[in-house]
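Everything numeric here is computed off the predicted structure, so don't read it as measured data. Each ligand, and each atom within it, is numbered from 1 in the order the structure gives.
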Amino acid sequence: MSSSDTEDKIQEAIANPQNMGEMADADSVGTVGNPECGDMVRMWLKFDEKDGKKVIDKASFQSFGCQTAIAVASMATEMLKGKTVEEAQELDSKDLSAPLGPLPPMKIHCGEMVEGALRDALKGDDDCEQPTEPSSMAGNTLLGDMNHPAPKSGKLKVVKLDS
Ligand code: FES
């Protein structure tokens, strides 16, 4: 696939971005920023349970950034629907941007931003809700364990922003 094909697909995606906007009933939200270009991506996830597994029911995003990040986030949020948390954790920026074709070197970090936002959201921080139990109890219950799984370490250059 040539880089102009990729460019065309990016233009198509941003002309009609999917799943753009804040999700009011989200279970989790992840935010990353890139200090180099000043862009930021935020992703919301809503989970469901299917055959005893936690699956992504829907995903949405906001991008205060470049067109490539918007295009990748649009593709990624479509791709994530119905995936288990484990399957989503396996996806890297290349997988998430695959429908667009290979990103040019200058734009690789745009896809990494989307991966970073996804990973942050998958950590399961319940930033969207007020805790319903004293925080000292949160790690001592099954619900607390489900809501606060051990973070997965990553090697991304993007940084977590306070939401
Ligand atoms: Fe920084 Fe695309 S130029 S996210």
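- Of all the listed residues (Asp39, Val41, Val32), Asp39 holds the heavy atom that lies closest to atom 4 (S) of ligand 1.
- Among all heavy-atom pairs drawn from Phe47 and Val85, the shortest one is CE2-CG2, 3.8 Å.
- Counting only heavy atoms of the protein, atom 2 (Fe) of ligand 1 lies nearest to Cys66 SG, 2.2 Å.
- The nearest N, O or S atom of Cys37 is closer to atom 1 (Fe) of ligand 1 than 2.8 Å.
- Between Asp48 and Lys81 no salt bridge is recorded (no basic side-chain N to carboxylate O distance below 4.0 Å).
- With Ser60 contributing its side chain and Glu22 its backbone, the two residues share no donor-acceptor pair below 3.5 Å.
- Using a 4.5 Å heavy-atom cutoff, the side chains of Glu49 and Val55 are not in contact.
- Taking every non-hydrogen atom of His109 and a distance limit under 4.0 Å, the qualifying atoms of ligand 1 come out as 1 (Fe), 2 (Fe), 3 (S), 4 (S).
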